[in-house]
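Heads up, the thing below is written out as structure tokens.
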Amino acid sequence: MNKYLKEQVLRSSGANVLKCMRCGKCSATCPSYDEMEYHPHQFVYMVEKGDIETLMKSESIYKCLTCFACVDRCPRGVEPAKVVEAVRLAAERQQGGDRLVPTDIPELLDDELPQQAIVTAFRKYTK
Amino acid sequence: MQEAMISKAKALLADGTVTRVIGWKRGEFVYDVTPAVFESAQELDEGFVYDDFTAANVSKYLIKESRKEGKILCFLKPCDTYSFNQLIKEHRIIRENVYIVGIPSDGKLDAEKIKSKGITGILSAQRDGDTVKVETLYGIETLPLADAMLEKCLSCKSKKHVIYDELIGEDGEVIDSDRFDMVEKLENMTAEERFEFWRSELSKCIRCNACRNVCPACSCEKCVFDNPQSGVENKAPADSFEENMFHIIRAFHVAGRCTDCGECSRVCPQNIPLHLLNRKFIKDINSLYGEYQAGEDTTSRSPLTNYDTEDCEPKIVHERGVE
Amino acid sequence: MQVNDNKDFQPTIVAFCCNWCSYAGADLSGTNRLNYPTNVKIIRVPCSCRVNPMFILRAFQRGADGVIICGCHPGDCHYTSGNYYARRRMTLLFSMLDYLGIERDRTRVEWVSAAEGQKFAKTMNEFTEAVRKLGPNRRLEDLRCRKQ
Amino acid sequence: MQRIGVFVCHCGTNIAATVDVKAVAEALSHEPGVVVSQDYQYMCSESGQNLVKDAIKEHKLTGIVICSCSPRMHENTFRKAAAAAGLNPYLVEIANVREQCSWIHKDIATATDKAVILGKAAVAKVHLNAPLTSMESPVVKRALVIGGGIAGIQTALDIAEAGFDVDIVEKQPTIGGKMAQIDKTFPTLDCAACILTPKMVEAAQNEKIHIHSFSEVTDVKGFVGNFTVTIKKKARYVDETKCTGCGLCTEKCPMKKVPNEFNMGLDNRTAIYIPFAQAVPKVATIDPNYCLMMKTGKCGVCSKMCSVGAIDYKQQDQLIEEKYGAIVVATGFNPIKLDKFDEFAYSHSPDVVTSLELERLMNAAGPNGGTLLRPSDKKHPHTIVFVQCVGSRCDDEKGKPYCSKICCMYTAKHAMLIREKYPDTEVYVFYIDVRTPGKNFDEFYRRAVEQYNVHYIKGMVGKVTPKSDGQLDVQASDLLANEQLHINADMVVLAAAIEPDKTARPLATMLTTQMDTNDFFTEAHPKLRPVESATAGIFLSGACQGPKDIPETVAQASAAAAKAIGLLCKNSITCNPCVAQSDELMCNGCSSCEKVCPYGAITYTDKEFRMPDRTTAIRRVASVNPAVCQGCGACTVACPSGAMDLKGFSNSQIMAEVDAICK
């Protein structure tokens, strides 16, 4: 239980995890479900418990496509995608937490890859 | 304008549309123009006046006049039509017995204001663009229009007639006025300053009841302040509190019904800015319960006989503004 | 705002309580022996919408130092809508008193249900303390009515 | 000259321990008008009351003040005592020196001071008390039941049983409501029609019950014991008194493509129709939106076929006015519209149905004659997925915040019935929680799992996608296995939330009853008065008050009937005399009071007045109906002239109390 981290995640996400009634519709609707170690409903539950560090270490935070299907479908307006985003931000804000550094980029470039994807990824994977 | 009105009145009297006309006649001085009822073409020719000093709102007189035999013609300025409408809403005026001719108004002059500039012996006043030329016993004086116009006209809220049977001239529009500026200025003072301001103003009150008697909303059959049973009866001022009480209760009783016609301040012999009390209620109502203009129509519910389950709590007063 | 340091000042406080919720709430705080100051005197009215602004001004005139109006919570009015009207009236009246420079902490509206004995006592304690700090009501008092 | 008696109660030590009762009695004896001031151990005891009664007689008292416990406790006791001694009961005032003084204060000196002030306030008030007499208002011995579903039918039957006339107003052409559409009922699995239709027939045959079918309430006036209700009998273009319900017209009607609302639009009916075989009244109705005769003026087949000449294309809506003593609201519920839940493909695929549609699909009188077939291709479904909580327990924007209560049980029922009849069909139920409080309810659900092998999966369905092969891809999460599932289903059944009928809101306004934010009627007390509304004489029956299953609805229906009967049994009701009163001489006729009156107790009349100048004038003045007024006092403050005052809590009385407290 990390109180400080929990507060930070709750504040930056703006989500109220206490509204969750554990129906799992977020996970039911998630296109990245199989890629994820922890699923959207688990994010909500673990943030509520304050178990944030486990989530921050998990690859799951980078698997979320931010498609907002869970936000749209959640019957109670919990907004799980924002919770995932907030945990990812918490991870990236740590020292050396950037997922993508500029020097990685040349290697990733190929003719097929749209520039937009690089820009978006850079926005998403760095602090 | 006066000629057009007289001929309109004569025509309506002649074809039997109306039997009487409520208009204005000259008093002792040129600027004493008071409401009067005319019953014939001759009377109209002799006494009917409509000029830049004709500011009185005749709506309130129609409570009694509309209950008399026969139809009466009235001339209403835009601001007067709001009062008229409000009185219809309150079932005070019998609409069928009144024929309304809407007349335009681009503001009226305030003799008191002119006199306060040291101009005396007024014989007539001519408006000329942004200035007013005042002919006096001692010669001609010119002063800026703003220094001669009634306070209520300077912050006019509407040039639109909300009710009429016919119009003389073009109808105007609702104006985006700055009438709440002074209220806001007071709100931004400290409580101490506000108290001092109001104490100095209200302590001037001599309880002549002019504000009450002219107010179209204060049309009670019997005012609570005249009623020995009400427990607050007081006809003469005994001390500062009773002025507070009188003016607060008066403002509260007309809240949601006051059309902001400004007559209270116009007639106050002590020049107390009474309209600032009414405007405070109007401003609060607008900001807390949505824009509402009393007299705009004859059907809507006034804000104090209405509610919304989501209304703000009274503690909003304690939380906002300057302490 | 002036703060009164006189700890001995005993303000007179008039509480208008609606019969169905707040008066019962006051009774409950009695039943539960929850203390609040003797300064508070309760007047029973059928509904908060019965409270006429004249009563409040009258109280101040006669030397009350604070006036509090208690009613059912919005939506719970015994008469369905009374407290909604009271809410508008009191908001506007308090705003007007504030506009006239009367200390705003001398007036208050609180919704207290029949089950909220605790809240009633707490409210009265807080309100009395707030009024005590303000000191005697001088701005609205009628000097003829001042206590000897 | 007032002669007032003051009686200070010790309440054992409850008051006397912290308040010097003798000092209070002493202090109050000097108040103006007080002729006797006494204290006593227990004022409410018989000897205490006798003390009061004797003093009233001996001193010829004109008013009494009792310093005792809360008026909510013993006001009535002392009022009765005063009345017994010949003093008007409303000349009694209570100073609450126990709950609001002795019990909350510790210091004897200050508590005594406060008790004296409270006593003085009561004395000041009693000076101005006027004798009041309660009015008696007669009770019309007839009840109205709005809504003819199982709740309304049960209430009407019970009221009729007690010997009172009762009218049912039902907006559909037949009574029966939602229960008539249901196939089987939980937890007994008996058929709904088998238990409902006998009750419908009973209602039709009971001579005390009058059914206004295809009718609506359009106006309600009056008050408890004496309501005047306007009922609109909508034109059905068939003379009810002539039609025998033979059904020949419905067979011959050429317009056969009208969506059948009784079968949830799953099949068609004719333009002239009888909703279902056991309809009550069994009378045909013409749907003017589809009838060729009404639309084009060419057809008239039904008129030609009808041997009794019941068809009347020119029939008009008819307004009838009736008086009632009590009104029972039984407007029921509807499943919500699912347009906000596109993820379940309800609007894209005919194979996604609501539970109520499933009832019709499984019903012997339904579109498929009782064989469960997939709506799209009429094939036997092998996999059926049930989704729970669709629109229930949601954010306000998404759906309903409450639990619809009945879905868990009917889904278990559906699952069980399907597994029973078609053992080759796999049934999945996706649930968030299974809620089965109720007699034999959990056992029933367990049977679905244990005996019928229904697959209950904790988790929600996220998405339903129709596939090209005609099946539905159901994407869901299994929270316990922590995996995402994809199920190929033939049908998906959605347990749509239920909501109050749309007609309830305008009806509540007409009845001046309260509703909650979800448009369910609010009961007078959530625990102790569950079937009464806060408005006297209006009772609540069934799902209009909140989600309910059939047994609960019937129980509440009978309870509402009992309350209505209790009212109808009285010849008259006593009204609270503390009501508003208008001083006609001061009234402006401005309608401010009328606008704030929650009961519609204020009316205006034009009256002739002699004016001070000896002329007469006609003025519009308010008058209060004391039988309707409940005495809230909203009007008294709305009135600018102070013409409106409240008896028992008049302006002068309250101001006298204020003065006594502040001085």
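Because the structure is a prediction, the values reported are computed rather than measured. So you know, we letter chains A, B, ... as the sequences are listed, proteins then strands, and number each from 1.
- Counting non-hydrogen atoms of other residues, nucleotides and ligands closer than 6.0 Å to CD of Q118(C) gives a total of 12 or fewer.
- Environment of NZ in K122(C): sparse, with no more than 12 heavy atoms of neighbouring residues, nucleotides or ligands closer than 6.0 Å.
- The environment of NZ in K160(B) is sparse: at most 12 heavy-atom neighbours from other residues, nucleotides or ligands sit within 6.0 Å.
- Applying a 4.5 Å heavy-atom cutoff, the residues of residues 283-291 of chain B that approach chain C are D284(B), I285(B), L288(B), Y289(B).
- The closest side-chain heavy-atom distance from I248(B) to L93(C) is below 4.5 Å.
- Between L100(C) and L277(B) there is a side-chain heavy-atom pair separated by less than 4.5 Å.
- Your options are A255(B), G256(B), P303(B), and the one with the most heavy-atom pairs under 4.5 Å with chain C is P303(B).
- Judged by distance alone, the side chain of R87(C) and the main-chain N or O of D308(B) form a donor-acceptor pair under 3.5 Å.
- In this structure, the separation between CE on M54(C) and CZ on F225(B) is 7.0 Å, given to the nearest 0.5 Å.
- Between T91(C) and C312(B), some side-chain heavy-atom pair lies under the 4.5 Å cut-off.
- A donor-acceptor pair is defined here as one N or O able to donate and one able to accept, closer than 3.5 Å; no such pair exists between the side chain of R88(C) and the backbone of T305(B).
- Counting heavy atoms from C-beta on, the side chains of P53(C) and I249(B) come closer than 4.5 Å.
- Counting non-hydrogen atoms of other residues, nucleotides and ligands closer than 6.0 Å to NZ of K64(B) gives a total of 12 or fewer.
- Distance check: F252(B) CZ to R89(C) CZ gives 6.5 Å after rounding to the nearest 0.5 Å.
- Using a 4.5 Å cut-off between heavy atoms, E313(B) touches chain C through backbone and side chain atoms alike.
- No other option in D311(B), I316(B), T309(B) has as many heavy-atom pairs under 4.5 Å with chain C as D311(B).
- For chain C, the nearby parts of L304(B) are the backbone and the side chain; heavy atoms of each come within less than 4.5 Å.
- Between H318(B) and D98(C) there is no side-chain heavy-atom pair separated by less than 4.5 Å.
- A tilted orientation is assigned to the rings of Y99(C) and W198(B), their planes being inclined by 30° to 60°.
- In terms of heavy atoms, A251(B) sits closest to M96(C) at CB-CE, 4.5 Å.
- Residue contact with chain B, scored on non-hydrogen atoms closer than 4.5 Å, involves the side chain of L97(C) exclusively.
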